[in-house]
Amino acid sequence: MSHSHSDRDDVVTRFAPSPSGDLHVGGARTALFCWAFARGRRGRFVLRIEDTDRKRSSDAAALGFQKALRWMGIDWDEGPMPDGSICGDHGPYMQSQRLAIYESHMERLLEADLAYHAFDTSEELDAKRTAARAEKKAYRYDRAGLAIPREERFSRAAAGESHVVRFRTPDAPITITDEVLGEATLPQGEVDDFVIRKADGFPTYHFAVVVDDALMNVSHVLRAQEHFNNTAKHIVLQAALGFEQPVYGHLSLIFNPDGSKMSKRDKDKAIRAAVKAASLETPPEGTITREAFDSWIGDKKSQLDHDALILMAEALDVTLPEINVADFERSGYLPEVLCNFLSLNGWSPGNDLEKFDNAFLAEHFDLTRVQKTPARFDRDKLLAFNLDAIQAMPEALFRERVRAHGMRFHPDFMSALTTEQFDLLADASRERSKTFDDLFKSNGWLLLADEALTWPISKPVRKAMLKGEVPGRILLEQASELLQGVEVFEGESLESTLTAWAEVHCEGNLGKIAQPLRIAVTGGPVSPPIFDTLAMLGKERCLARIKGCLAVMQDVANSA
RNA sequence: GGCCCCUUCGUCUAGUCAGGUCCAGGACACCAGGUUUUCAUCCUGGUAACAGGGGUUCGAAUCCCCUAGGGGUCACCA
């Protein structure tokens, strides 16, 4: 397997996820950095799917990864494409389709006695592992398989006896050179004779990754720090197979704000906490079955599936933590902001510069400025960045993007409004939206039928409606008549009419009438600016709602 | 526990490689004041860190050593 020089001179990076679950932010950042590194050097970026674990991998997950990357604005030159096609001359890019390739290299190692069949049972190995742990020692394979004569190993394997193939690790220290972490030498014996082919015939990660990176001409391997120790295995494997060694760079991990490792389990954790807080012993109505609930509660490590998670979160009024790229999309973050913020975790361009796009990242990203320490993921800062980006957006663009978000995640909301209504809402919401989703979460009052609106009595409602020398409900009654006479029910005319009216009836304090009006037409004390709020609803509906509200407030006042 | 790596405000980080311009800068968060018809936004100001201890040096956040703390890894998962 020799490669031409021109081939190797190019920068080639790859992102090689195993397709289980969804792409989480840590993986997304790795992909982003790999992409940026290649793009900034006119190199190629490869997407490879590492599906050698047949139990955990799925095609759906692989597609989900591709969509998540696309959403972030990350494109790749080689690998599977979301439309089902395949790009690149070094495929296949699904490891499960490369078995014959691995096998040919495996044979070379076996023939040269650089690898050997091992017949240990998992029970035997487990026992040795347990013993090592009891002695507080690191477990290392004892090369028991090597005691079997070579001929016998081959014949037993040929006869179909269950076995794995282990790599015969050289008896020498191994030095890893890493562009981020520097140089580290593992003492001899630290890397044992690891498995390179599993009993099911599939290569292990270590073997597949080394073969693929070499055959795909990968020049720079940028991956998570959890792989740092594995690199030693990859280096000795490359030497045995006669492959060139790529440049390595290991990226620090991303943690939760509390310092715990960010994981998919965090969603279950959030719900478990809510279940505990509410002392629930049965699943909430309309969520999951009693059996599912009991087994989930019984096993703290078990996870609910995606739909169950959402149902439970809604029933318990819990906000699930965003972990996956798809979560951030659903929550209404801008992909360019997520990318910007993600790259600030573990990398910075210096000069106090914080806001930049992917093109800038590609141009300036380099390994020397990558942080060695893990970063905690600060959602507040991400939110602040998202707000800034939305505020900086032209009105028309915001309309367009927030509409797209609505069509995707809130179709009922969208179909309930006219285009004019929605544009009004979008314009009124832009400056106060931290995410696209904010608009949909906080304006449910628009969708309700006028008869269905209610006015829960809370402290701010009581204050605005019932307290004071002239209670708000009285002013509201008067303002209602005023509104009846407004011909052009639009923001500007409403503003001039109501401001003038407030000048006379509220001592110039618009708030005195704005708040009662807001509560009357929305059912609560929070909404976009009052004139926009009124205009969106239209004259008829405003008057109907005010009428209903006044009746309720009258009752409350009477019973007080 | 073995091995490897790391350690600047609450958080993300600049500064560390080439010691003085750093009684440590920016951002988010927080606190105080202001603007505002609600919420949010916005404006102004403020609190806040070189993990600890030894060296080296005229001088150390920056170099060396020790201690403490953190992380990764120790699978027929990747």
Side-chain angles (χ1 to χ4, degrees), chain A residues 16-18 20 50-53 55-57 95 118 120 122 125-126 129 132-140 162-166 176 178 180-182 184-187 189-192 194-200 202 204-206 208-209 223-230 232 250 252-253 255 257 259 261 341 344-355 368-369 371-385 387 391 429 431-434 438 442 460 464 495 498-499 502 506 509-515 517-519 522 524-531 533:
Chain A
S18 73
S20 66
E50 309 216 326
D51 56 349
T52 51
D53 184 341
K55 285 189 279 295
R56 296 194 214 180
S57 303
Q95 290 188 327
D120 314 75
S122 46
L125 294 175
D126 282 346
R129 254 193 289 275
R133 175 172 268 188
E135 282 182 66
K136 301 207 165 196
K137 279 185 183 166
Y139 166 76
R140 296 288 179 265
S162 176
H163 69 279
V164 300
V165 174
R166 285 180 182 271
I176 304 169
D178 186 284
V180 174
L181 298 173
T185 299
L186 304 195
E190 193 52 35
V191 176
D192 65 2
F194 53 98
V195 173
I196 55 177
R197 188 175 72 194
K198 302 181 241 182
D200 65 4
F202 275 63
T204 60
Y205 160 72
H206 302 112
V209 83
R223 57 177 23 162
Q225 228 169 69
E226 63 198 78
H227 289 297
F228 183 71
N229 287 273
N230 290 334
H250 287 90
S252 60
L253 272 12
F255 289 135
K261 199 170 171 179
F341 183 69
L344 247 19
N345 279 249
W347 182 78
S348 79
N351 295 106
D352 296 335
L353 184 65
E354 285 201 305
K355 303 286 179 70
T368 62
R369 296 190 68 85
Q371 206 76 14
K372 295 176 184 172
T373 48
R376 300 183 188 204
F377 192 83
D378 184 356
R379 286 191 180 74
D380 285 335
K381 187 159 179 173
L382 172 63
L383 215 46
F385 271 40
L387 172 80
Q391 290 194 338
S429 302
E431 289 192 334
R432 67 219 305 98
S433 294
K434 294 191 173 182
D438 282 356
S442 55
E495 179 164 6
L498 273 164
T499 311
C506 308
N509 187 347
L510 186 64
K512 284 200 170 164
I513 185 56
Q515 232 8 34
L517 271 172
R518 187 190 314 281
I519 291 163
T522 71
V526 177
S527 86
I530 189 61
F531 309 116
T533 299

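Residue numbering restarts at 1 for every chain, and letters A, B, ... go by the order of the sequence lines. Keep in mind that the numbers below use all heavy atoms, side chains included, and drop hydrogens, waters and symmetry copies.
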Q. Side chains of Thr522(A) and Ser527(A): is there a donor and an acceptor less than 3.5 Å apart?
A.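 Side-chain D/A pair, Thr522(A) to Ser527(A): absent.
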Check: [X] side chain, [N] base, donor-acceptor under 3.5 Å:
X	N	result
Arg432(A)	U38(B)	yes
Lys381(A)	A27(B)	yes
Glu190(A)	G2(B)	yes

Phosphate OP1/OP2 of [N] contacted by [X] side-chain N/O (<4.0 Å):
X	N	value
Arg133(A)	A75(B)	no
Ser348(A)	A14(B)	yes
Lys372(A)	G70(B)	no
Thr52(A)	A78(B)	yes
Gln515(A)	C39(B)	no

**Q.** C1' gap between C30(B) and U47(B), integer Å
**A.**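 Rounded to whole Å, the distance is 9 Å.
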Q: In whole angstrom, give me the gap between the P atoms of A24(B) and A60(B).
A: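 Result for the P pair: 15 Å, nearest Å.
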Report which part of the nucleic acid [X] touches: base, sugar-phosphate, or nothing (heavy-atom distance under 4.0 Å, all strands).
X	value
Ala384(A)	sugar-phosphate
Thr185(A)	sugar-phosphate
Ile519(A)	nothing

Find out whether [X] and [Y] are in side-chain contact, i.e. whether some heavy atom of one side chain is under 4.5 Å from a heavy atom of the other.
X	Y	answer
Glu495(A)	Pro529(A)	no
Lys372(A)	Ser252(A)	no
His250(A)	Glu226(A)	no

Q: Calculate, to the nearest 0.5 Å, the distance between atoms CD and OG belonging to Gln371(A) and Ser348(A) respectively.
A: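 Interatomic distance, Gln371(A) CD to Ser348(A) OG, rounded to 0.5 Å: 7.0 Å.
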Q) Taking atom C1' of G2(B) as reference, at what distance in whole Å does atom CZ of Arg129(A) sit? A)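 Rounded to whole Å, this separation is 16 Å.
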**Q.** Euclidean distance, atom CG of residue Asp352(A) to atom P of G15(B) [Å, nearest integer]
**A.**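 Nearest whole value for this atom pair: 9 Å.
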